[in-house]
Number of protein chains: 2
Amino acid sequence: MKIGELSKRTGASVRSLRYYEQEGLLASVRMDNGYRTYNWVAEEQVRTIQFYLSLGLTTEQIGSFLNCVLKNKEAFCAEVLPIYERKLQEIDAQLLQLGQIRTNLLDRIRSIQESQ
Amino acid sequence: MKIGELSKRTGASVRSLRYYEQEGLLASVRMDNGYRTYNWVAEEQVRTIQFYLSLGLTTEQIGSFLNCVLKNKEAFCAEVLPIYERKLQEIDAQLLQLGQIRTNLLDRIRSIQESQ
DNA sequence: ATAAACCCTGCCATTAACGTCAGGGTCAAG
DNA sequence: CTTGACCCTGACGTTAATGGCAGGGTTTAT
């Protein structure tokens, strides 16, 4: 399958698929005319990439364990757990900060509304 | 006072102070040699800017009501409340998304740990 | 044989609040 | 009169995953 079809099947833009290749996440075989070709495995691979991106991981992080998790269970790939844990800490820090901002905002909104 | 002193007093970098001026948030008077001069009011003004930035507002949003809130109570400035409410919605959307990611991450972490 | 629909490789743009030079004046103290 | 500590104006860099365009080849169908 060519890149346009892979794009339609996965929802990833053609531009994104080329970017994943450039970042070493997705391989393609070139036809004589230079067109990229993909097999059915690529489709699942793209969905896997999309999932990890949706967790907020960077392409670099994904690249560090993608080959492993495509062939094994996640638990087998030692890279994965520490990345997950780092990400969790980041998320918790962001949640904390957003929560504080939210509290501040609510206070301000309430005090404006009360004074009307 | 010159920009260096204002920077020390407020903790904002010299670069930031110039940026606030460029964005119309902070005025200065120029000396004969071109140096910026500030009065004591500027110090409080910078702290006000810093506070609004800490709420995650953009310099553009801040600029839309800063002059008003420097001279009146927030409640008097009609621009403020809708901006606060929009920001609150953004925050809530982010909190929701981060919460979902966090749940996913925790699931993955747990399933890895259980299989060890 | 031609138009529509693909594909390719660059490369610039995006976001927001700065950081960080370069290249050059100004000023105070010794 | 020189050194060090200031100040100035540009202007490019930063972050990350794309969007979008230019300029050009390929394929498919009519």
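In what follows, chains are A, B, ... by sequence order, proteins preceding strands, each numbered from 1.
- Going from atom CD of B/Gln50 over to atom P of C/dA16 covers 20 Å, rounded to whole Å.
- Per the geometry, CD1 belonging to A/Ile3 stands 19 Å off P belonging to C/dA5, to the nearest Å.
- By the 30° and 60° cut-offs, the orientation of the rings of B/Phe65 relative to B/Tyr52 is perpendicular.
- In this model, the phosphate group of C/dA17 is approached by a side-chain N or O of B/Tyr19 to a distance below 4.0 Å at OP1 or OP2.
- Each of A/Asn33 and A/Val14 was matched to the nucleotide of DNA chain D holding its nearest heavy atom; the match closer to the 5' end belongs to A/Val14.
- A donor and an acceptor atom sit less than 3.5 Å apart, one in the side chain of B/Tyr35 and one in the base of C/dG25.
- For A/Thr58, no side-chain nitrogen or oxygen approaches OP1 or OP2 of D/dA16 to under 4.0 Å.
- Considering only side-chain N and O atoms, A/Thr59 lies under 4.0 angstrom from the phosphate OP1 or OP2 of D/dA17.
- Atom CD1 of residue B/Ile83 and atom OG1 of residue B/Thr58 lie 7.5 Å apart, to the nearest 0.5 angstrom.
- At a threshold of 4.0 Å, the pair B/Arg9-B/Glu5 counts as salt-bridged, since one of the basic side-chain nitrogens sits closer than that to a carboxylate oxygen.
- Counting heavy atoms from C-beta outward, A/Glu21 and A/Arg36 have side chains that approach closer than 4.5 Å.
- Rounded to whole angstrom, the span from the CG atom of A/Asp32 across to the C1' atom of D/dT26 amounts to 12 Å.
- Residue-to-nucleotide proximity on DNA chain C shows that, of B/Ser13 and B/Met31, the 5′-proximal contact is made by B/Ser13.
- Atom CG in B/Leu6 sits roughly 15 Å away from atom P in D/dC6 (whole-Å rounding).
- Distance, A/Met1 CE to C/dC6 P: 16 Å, rounded to whole Å.
- At C/dT26, none of the side-chain N or O atoms of B/Arg30 fall inside 4.0 Å of OP1 or OP2 (strictly under the cut-off).
- Side-chain proximity of A/Arg15 to C/dC11, C/dG19, C/dC18: nearest is C/dC11.
- Rounded to a whole Å, the OH atom of A/Tyr20 is 8 Å from the C1' atom of D/dT18.
- Here the P atom of nucleotide D/dA16 and the CG atom of A/Leu53 are 13 Å apart, to the nearest Å.
- At whole-Å resolution of the value, CD in A/Gln61 and C1' in D/dT15 are 14 Å apart.
- The only member of A/Gln50, A/Glu43, A/Glu44 that meets side-chain hydrogen bond (donor to acceptor under 3.5 Å, both in side chains) when paired with A/Arg47 is A/Glu43.
- For B/Arg18 against D/dT9, no side-chain N or O and base N or O form a donor-acceptor pair under 3.5 Å.
- Phosphate proximity of C/dC8 to A/Arg36: present, with a side-chain N or O under 4.0 Å from OP1 or OP2.
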